[in-house]
Amino acid sequence: MHLRINTLLNQPPTGEKVEVAGWIRTRRDTGGFSFLEVNDGSCLANIQVIADKDLVNYEQDIKRLTTGCSVRIEGTLQASPAKGQAVELLAGRVEVVGWADPETYPLQKKRHSFEFLREITHLRPRTNALGAVARVRSRLSFAVHTFFQKRGFIQVHTPIITTSDCEGAGEMFQVSTTRPHGGAGKAEAAEEFFGRRAGLTVSGQLQAEVYALAMGDVYTFGPTFRAENSNTSRHLAEFWMIEPEMAFCDLRGNMRLAEEMLKYCLTDVMDNCAEDMELFDRFIEKGLLEKLRGVTGQDFAHITYTEAVERLQGCGKTFEFAVQWGIDLQSEHERYLSEEVYKRPLIVTDYPAAIKPFYMRVNDDGKTVAAMDILVPGIGEIVGGSQREERYDVLEARMRAAGIDPAEYSWYLDLRRYGSVPHAGFGLGFERLVQFVTGMANIREVIPFPRTPGFAPC
RNA sequence: UCCUCGGUAGCUCAGCUGGUAGAGCAGGUGGCUGUUAACCACCUUGUCGGCGGUUCGAUUACGUCCCGGGGAGCCA
């Protein structure tokens with residue numbers, strides 16, 4: 001039975017016989033033996049293996065080992081006489097499990113550009129940076145669940161195939177069993193598998209509300225799909241979203257939860273992925289750890305949309321797009337506020353009703369809604385949420401005003417007809433969180449298999 | 001989708017005003033008693049993103065399409 005390298009590296013060199021299994025990163029020959037750097041993905045560090053020339057297969061196997069070969073090695077853990085590692089493995093047996101022809105294997109023992117690695121999506125987790133991203137992503141996911149579970153939230157698996165659009169959330173991918181050219185002019189809707197138009201979910205929020213109004217505090221954490229033709233370093237056609245929804249909760253409670261959750265996740269990752277975070281801090285974004293500690297160490301800033309507009313109009317800075325009440329804040333405005341004015345996460349609340357979806361609760365002024373966006377330096381909007389409209393009449397009127405047929409959403413309106421309560425929730429793009437935590441510039445590097453317009457290789 | 005900059009060896013890039021290309025790394029061979037971006041010597045590698053036109057001749061200038069970077073819109 002082999003041991004994971006991360007556990008081995010944390011063991012004292014007892015001289016015990018152990019086995020590791022992993023992939024060769026580099027081989028260095030020195031006179032009578034070779035150094036092998038073996039990585040198994042359990043941690044950033046490799047284990048250094050000493051393979052002596054007296055090993056039976058030294059000439060025919062070990063001296064032919066190159067980057068990417070898989071090996072199984074039995075040996076004794078010993079203290080390393082040289083600097084660079086505390087322990088090393090003195091090999092007693094080196095078995096080559098799978099060769100990797102160096103003439104064609106694309107990965108080298110040097111740095112590659114992320115653009116190049118994206119072309120070999122299936123091999124890139126074998127690199128330091130992408131491996132670190134994978135571990136941090138996994139830990140973050142765990143932290144999200146831990147955070148909610150500790151607070152008694154119930155996880156709800158909302159549907160991936162849905163027939164209700166979450167208005168304002170972007171274009172849906174259609175789900176259909178009918179072939180594009182096989183319709184032969186028949187009534188297509190009647191042939192639909194679900195008897196009506198269906199698509200991949202753009203948000204689990206509406207269904208999460210269903211369970212919030214039965215179970216109190218719930219959350220969803222699953223894949224989400226947007227058929228938008230957006231080509232940026234912050235957008236994916238398939239991404240993961242975290243959406244808590246709380247009954248008997250207002251915007252204030254919603255904001256508090258979002259802030260606590262972000263702080264919990266950042267702290268957890270810094271505590272549990274120190275080695276990987278060190279890599280990001282050194283090579284990906286200088287000052288990353290300081291930035292993250294700045295987020296966990298102070299309260300988020302708060303400003304209303306109206307105050308933000310006044311502030312932007314009076315700041316003396318000229319923007320490409322003019323700032324005017326009633327028009328949504330542009331990226332440049334959000335960046336200015338979070339990066340230059342506050343220099344920390346900023347929560348903007350109470351947006352004009354006209355630019356927000358129908359389900360957001362109308363404030364007493366009749367012009368704004370109880371919405372909140374959390375803007376984070378470098379990423380922009382990372383959280384979007386609101387208190388939901390719990391008043392039947394107001395909600396129905398808002399739906400009609402938005403051109404939505406209330407009959408289509410009768411199930412949603414029923415939640416207000418029977419035992420309605422004030423409730424609130426938010427959506428957090430998981431990949432944007434991973435981006436913020438790792439400092440990775442492009443969102444395509446923080447999801448294992450990115451999907452963007454024209455790109456879905458495997 | 002729009003603006004903008006790019007696409008040259010396996011990778012990262014150089015190539016002035018049109019005359020079919022080069023450096024580092026990687027890879028191969030040999031050397032080296034502890035290396036860790038190993039080191040030293042020698043060697044190999046190209047439909048110059050695709051297509052079309054201009055030209056005696058296009059990697060270079062033109063048109064178009066594809067892909068990537070940066071920015072914008074949409075948003076998470």
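Letters go in sequence order (proteins before strands), and every chain restarts at 1.
- With hydrogens and angles left out, the side-chain atoms of A:Thr158 and A:Gln207 include no donor and acceptor closer than 3.5 Å.
- A cation-pi geometry, defined here as NZ or CZ lying under 6.0 Å from the six-membered ring centre and within 45° of its normal, holds between A:Lys291 and A:Phe436.
- Between the P atom of B:U29 and the NZ atom of A:Lys63 lies a distance of 10 Å, rounded to the nearest Å.
- The pairing partner recorded for B:C42 is B:G28, the criterion being a Watson-Crick or G-U wobble arrangement whose two distances lie under 3.5 angstrom.
- Between the CG atom of A:Leu236 and the P atom of B:C75 there is a distance of 17 Å, given to the nearest Å.
- In this structure, of B:G68, B:G73, B:G34, it is B:G34 that holds the atom nearest to the side chain of A:Gln48.
- Tested against A:Arg126, the residues A:Thr67, A:Ile120, A:Leu107, A:Asn39 include a single side chain to side chain contact (heavy atoms under 4.5 Å, CB included) partner, A:Leu107.
- Base contact: A:Gln85 has a heavy atom under 4.0 Å from a base atom.
- To the nearest whole angstrom, the two P atoms, one in B:C65 and one in B:G73, are 25 Å apart.
- Candidate nucleotides B:G73, B:G69, B:G28 were compared by shortest atom distance to the side chain of A:Thr66, and B:G28 ranks first.
- A donor-acceptor contact under 3.5 Å links the side chain of A:Glu88 to the base of B:G34.
- Contact annotation for A:Pro102: backbone-only contact, meaning every heavy-atom pair under 4.0 Å involves sugar-phosphate atoms and none involves a base.
- Residue A:Glu103 is in sugar-phosphate contact alone, with no base atom involved, counting any heavy-atom pair closer than 4.0 Å across all strands shown.
- Within 4.0 Å (heavy atoms only), A:Phe239 reaches at least one base atom of the nucleic acid.
- The side chain of A:Arg118 lies closest to B:G68 when the candidates are B:G73, B:G68, B:C74.
- Look at the P atom in both B:C74 and B:C11: the space between them is 37 Å, to the nearest Å.
- Figure legend: cation-pi geometry between A:Arg335 and A:Phe319 absent, as NZ or CZ is not positioned both under 6.0 Å from the six-membered ring centre and within 45° of its axis.
- In summary, A:Glu445 and A:Arg118 engage in a salt bridge, as defined by a charged side-chain N under 4.0 Å from a carboxylate O.
- The distance between atom CZ of A:Phe321 and atom C1' of B:G71, rounded to the nearest whole Å, is 11 Å.
- Between A:Ser233 and A:Pro453, the one whose closest nucleotide on RNA chain B sits nearer the 5' end is A:Pro453.
- Nucleic acid contact class of A:Leu428 (heavy atoms, under 4.0 Å, all strands): none.
- Among the heavy atoms of the strands lying under 4.0 Å from A:His235 is at least one base atom, whether or not backbone atoms are also near.
- An OP1 or OP2 oxygen of B:U12 is reached within less than 4.0 angstrom by a side-chain nitrogen or oxygen of A:Ser113.
- Among the atoms of the strands shown, base atoms are found under 4.0 Å from some heavy atom of A:Ser80.
- If you measure from atom CZ of A:Arg451 to atom P of B:C75, you get 24 Å, rounded to the nearest angstrom.
- Following rounding to the nearest Å, A:Phe116 (CZ) and B:G68 (P) show an atom-to-atom distance of 15 Å.
- No engagement by A:Phe430 is indicated, since no non-hydrogen atom pair under 4.0 Å with the nucleic acid exists.
- Between the C1' atom of B:A37 and the CG atom of A:Asn46 lies a distance of 13 Å, rounded to the nearest Å.
- For A:Thr232 and B:C74, the shortest distance from a side-chain N or O to OP1 or OP2 is not below 4.0 Å.
- Ion pairing of A:Glu19 with A:Arg72 is present here, as a side-chain N (NZ or NE/NH1/NH2) and a carboxylate O approach within less than 4.0 Å.
- Of the residues near RNA chain B, A:Thr26 and A:Phe455, the one whose nearest nucleotide (by heavy atom distance) lies more toward the 5' end is A:Thr26.
- The nucleotide whose nearest atom lies closest to any side-chain atom of A:Phe35 is, among B:C25, B:G34, B:U1, B:G34.
- Atom pair A:Tyr105:OH and B:A26:C1' shows a separation of 13 Å (rounding to whole Å applied).
- A:Glu320 comes within 4.0 angstrom of no nucleic acid atom, judged by non-hydrogen atoms across all strands.
- Spacing between B:C67 and B:G49 at atom C1', rounded to whole Å, works out to 8 Å.
- Counting any heavy atom pair closer than 4.0 Å across all strands shown, A:Arg64 reaches no nucleic acid atom.
- Nucleotides B:G10 and B:C32 are separated by 33 Å at their P atoms, to the nearest Å.
- The shortest distance between the side-chain N/O atoms of A:Lys109 and the OP1/OP2 oxygens of B:C25 is not below 4.0 Å.
- A tilted orientation is assigned to the rings of A:His112 and A:Phe116, their planes being inclined by 30° to 60°.
- Contact annotation: A:Arg444 reaches the phosphate of B:G69 (side-chain N/O to OP1 or OP2, under 4.0 Å).
- Within 4.0 Å of A:Asn442, counting heavy atoms only, lie sugar-phosphate atoms of the nucleic acid but no base atom.
- The side chain of A:Gln108 lies closest to B:A26 when the candidates are B:U12, B:G34, B:A26.
- Atoms NE2 (A:His333) and C1' (B:G73) sit 13 Å apart, rounded to a whole Å.
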